[in-house]
Amino acid sequence: MLHAWNSYVKYAWGMDELQPQSKNGVNSFGGLGATLVDSLDTLYIMGLRDEFQKAREVVGGLLSAYDMSGDKVFLEKAKDIADRLLPAWDTTSGIPYNSINLAHGRAHNFGWTNGDSILADSGTEQLEFIALSQRTGDPKYQLKAENVIRQLQKIYPSDGLLPIYINPQSGQASYSTITFGAMGDSFYEYLLKVWIQGNKTESVKHYRQMWETSMEGLISLTRQTTPSNYTYICEKSGGSLSHKMDELACFAPGMLALGASGYGPEKAKQIMNLAEELARTCYNFYQTTPTKLAGENYYFHAEQDMNVGTSWNILRPETVESLMYLWRLTGNKTYQDWGWDIFEAFEKNSRIASGYVGLRDVNSGEKDDKMQTFFLAETLKYLYLLFSPPSVVSFDEWVFNTEAHPLRIVPTHGSNGQSIETAKPVVRPFGRKQGKQG
């Protein structure tokens, strides 16, 4: 983390992303200082307080940084950003547009979606907006985000699998792919996590019910390879299945493991077994290439197990995320071993003198020239937590959003379960290393 962070500080300070090979910065997110914002809570969790303070002086913005440090600048910045985002929800159905100009408040959808909103983009604000309402005492953020789920509930299919394109005016799904990979993934994750964030109370029960329905749909999309019996999740278009799985869908084993305990004993065991089987597949996405780093997606053909489709690796976190969940929830150290293998492959193939880069091709090992913000925010954080005691950012007290930023679970009071209250941050000392830094 220090190598990645110090390289960013040296060559791209204040800019969105570092280009390690070119040794300069690039503003691929409009100049918001994305790596700075994304790295804040990782720095905090790892006890890197000097680095955290340096970042804080430049930017605020994450509820996680507020929850951990208690520094109000982060809450103020989070509220400012949310207020600028709110016009995106001004549609007939309340399903948001997926792009907005933060300076002018003009919202729209991308041309390539034919004006539709994307499922994952529309169903992945709930944790943050509910948290912001809890911490500010203003219900408007929560109401906007929760209305989206109520709208989707009206069109929810019996198998719980929604197409990735939704019309923001009619609120109806458009004919499009069903996937647990790109553009679908985190919607399903948030159904489970809002239930956890809401203390699993009656007021958030519909999230859990929708999630369980969707998991039956997920099971219906699973198949096994020959000869090695790798379990994978297909994509679906209309009535036909595509035997393709994104590395992005490798968040699913962790999600399944996290949700298993909410079932009865027999079903919980089935769900956990599925999580473990899918994790084995995702680990082997890495192991079956010459570099031991996974491609972006995989295809499955009879008698061939798995073949790399799109062959780049951009330092994605999903597999190590699932390994962290499975290690914590099963105690099986095999998941730490697998995570270490992946870490060593990153060290061997992606680390250069001025940061970390992805690979253009996991077969040849050809490098690209970008250190993605999520490498610091997610991949390194999940690897660190994989080798930390489970009490560090405990699942009992925190829920991770889809970008690996932990949000504190606020205890609820009263019969409605989901009371809006101003949450007090847990002000904790820096990380486990504080004593050593003395």
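Residue numbers start at 1 and run along the sequence shown.
Arg408 forms no cation-pi arrangement with Trp398, by the criterion of a distance under 6.0 Å to the ring centre and an angle within 45° of the ring axis. The side-chain tip of Lys54 points at the ring of Trp13 from less than 6.0 angstrom away and within 45° of straight on. Figure legend: Arg351 and Phe375 shown without cation-pi pairing, the cationic atom not lying both under 6.0 angstrom from the six-membered ring centre and within 45 degrees of its axis.
For the residue pair Ser117/Asn109, the side-chain donor-acceptor check at 3.5 Å is satisfied. For the residue pair Asp116/Ser174, the side-chain donor-acceptor check at 3.5 Å is satisfied. A donor-acceptor contact closer than 3.5 angstrom is absent between the side chains of Tyr66 and Asp71. Neither side chain, Thr177 nor Glu235, offers a donor N or O lying under 3.5 Å from an acceptor on the other. Using modelled atom types, one finds no donor on one side chain facing an acceptor on the other under 3.5 Å when comparing Glu318 with Tyr382. Using modelled atom types, one finds a donor on one side chain and an acceptor on the other under 3.5 Å when comparing Thr334 with Asn332. Side-chain contact, Glu51 with Tyr44: no donor N or O sits under 3.5 Å from an acceptor N or O. Side chains of Arg150 and Gln153: a donor on one and an acceptor on the other come within 3.5 Å.
Ring-centre distance between Trp340 and Phe387: below the 6.0 Å cut-off. Checked against a 6.0 Å centroid threshold, the rings of Trp89 and Phe129 count as neighbours. Tyr325 and Phe395 have their aromatic ring centers within a separation under 6.0 angstrom. Aromatic pair Tyr232/Tyr298: ring centres not closer than 6.0 Å.
Taking both residues in full, the closest heavy atoms of Leu385 and Trp327 are given as O-CZ3, 3.8 Å, listed atom of the first, atom of the second, then distance. For the residue pair Leu86 and Lys140, the shortest heavy atom distance occurs at CD1-CE, 3.9 Å. Smallest separation of non-hydrogen atoms from Gly123 and Tyr190: O-CB, 3.5 Å. Residues Ala275 and Ala257 share a closest heavy-atom pair of CB-N, 3.9 Å. Residue Leu18 comes nearest to Ala12 through the heavy atom pair CA-CB, 3.9 Å, listed as atom of the first residue, atom of the second, then distance. Shortest non-hydrogen contact noted between Pro253 and Leu278 is CG-CB, 3.7 Å.
Under the 4.0 Å criterion applied to side-chain N and carboxylate O atoms, Glu17 and Lys370 are assigned as salt-bridge partners. One finds no salt bridge joining Asp246 and Arg316 here, because no Lys/Arg side-chain nitrogen approaches an Asp/Glu carboxylate oxygen to under 4.0 Å. A salt bridge does not link Lys267 with Glu212: every distance from a Lys NZ or Arg NE/NH1/NH2 to an Asp or Glu carboxylate oxygen is 4.0 Å or more. The existence of a salt bridge linking Lys79 and Asp138 is excluded, since no basic side-chain nitrogen approaches an acidic carboxylate oxygen closer than 4.0 Å. A salt bridge is absent between Lys333 and Asp337; no separation between the charged side-chain nitrogens and carboxylate oxygens falls under 4.0 Å.
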Begin from the C-alpha positions of Trp5 and Leu376 and carry the test side-chain contact (heavy atoms from CB on, under 4.5 Å) through to its verdict. CA-CA 8 Å; Trp5 174 255; Leu376 295 85; 4.2 Å; yes
So Ser39 and Met1, side-chain contact (heavy atoms from CB on, under 4.5 Å) or not? Walk me through it. CA-CA 9 Å; Ser39 301; Met1 179 63 185; 4.2 Å; yes
Check step by step if side-chain hydrogen bond (donor to acceptor under 3.5 Å, both in side chains) holds for Tyr141 and Asp83. CA-CA 9 Å; Tyr141 310 105; Asp83 287 339; 2.7 Å; yes
Walk me through it: do Lys193 and Phe400 pass the test side-chain contact (heavy atoms from CB on, under 4.5 Å)? CA-CA 8 Å; Lys193 288 183 172 180; Phe400 288 87; 4.2 Å; yes
Trace of the side-chain hydrogen bond (donor to acceptor under 3.5 Å, both in side chains) decision for Ser93 with Gln151: CA-CA 7 Å; Ser93 70; Gln151 293 300 320; 5.5 Å; no
Derivation of the side-chain hydrogen bond (donor to acceptor under 3.5 Å, both in side chains) call for Tyr207 and Gln197: CA-CA 11 Å; Tyr207 283 92; Gln197 179 189 43; over 6 Å; no
Derivation and outcome, side-chain contact (heavy atoms from CB on, under 4.5 Å), residues Ile314 and Phe374: CA-CA 10 Å; Ile314 56 171; Phe374 53 72; 4.0 Å; yes
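The only member of Thr310, Thr319, Asn297 that meets side chain to side chain donor-acceptor pair (under 3.5 Å) when paired with Glu247 is Thr319. Residue Ile219 forms a side-chain contact (heavy atoms from CB on, under 4.5 Å) with just one option from Ile233, Ile271, Leu256, and that option is Ile271.
Lys269 NZ: 12 or fewer foreign heavy atoms inside a 6.0 Å radius.
The distance from the NZ atom of Lys292 to the CG atom of Asn284 is 10.0 Å, given to the nearest 0.5 Å. Here the straight-line distance linking atom CD1 of Ile130 with atom CD of Gln142 works out to 5.0 Å at 0.5 Å rounding. Here the CD-CE distance, from Glu321 to Met255, works out to 10.0 Å after rounding to the nearest 0.5 Å. Taking CD of Glu276 as the reference point, atom OG1 of Thr330 lies at 5.5 Å (rounded to 0.5 Å). Distance CD/Glu296 to CG/Leu359: 12.0 Å, rounded to 0.5 Å. To the nearest 0.5 Å, atoms OH (Tyr286) and CG (Leu293) are separated by 7.0 Å.
Between the side chain of Ser214 and the backbone N or O of Leu161, no donor-acceptor pair lies under 3.5 Å. Without hydrogens or angle criteria, Tyr8 side chain to Gly14 main chain gives a donor-acceptor distance under 3.5 Å. Between the side chain of Thr124 and the backbone N or O of Asp121 there is no donor-acceptor pair closer than 3.5 Å. With Arg56 contributing its side chain and Phe52 its backbone, the two residues share no donor-acceptor pair below 3.5 Å. Side-chain N or O atoms of Asp16 include one that pairs as donor or acceptor with a backbone N or O of Gly31 at under 3.5 Å. Side-chain atoms of Asp38 do not come within 3.5 Å of backbone N or O of Ala34 as any donor-acceptor pair. The backbone N or O of Gln224 lies less than 3.5 Å from no partner atom in the side chain of Asn229, so there is not a single donor-acceptor pair. Under a 3.5 Å cut-off, the side chain of Asn101 and the backbone N or O of His104 do form a donor-acceptor pair. Judged purely by atom type and a 3.5 angstrom limit, Ser99 has no side-chain atom pairing as donor or acceptor with the backbone of His108. No donor-acceptor pair under 3.5 Å is formed between the side chain of Ser186 and the backbone N or O of Glu189.
Among residues at least two apart or in separate chains, there is no side chain to side chain donor-acceptor pair (under 3.5 Å) pair with a member in residues 158-167.
Remark: Arg280 pairs with Glu277 by the salt bridge (charged side-chain N to carboxylate O under 4.0 Å, His left out) rule, at least two apart or across chains.
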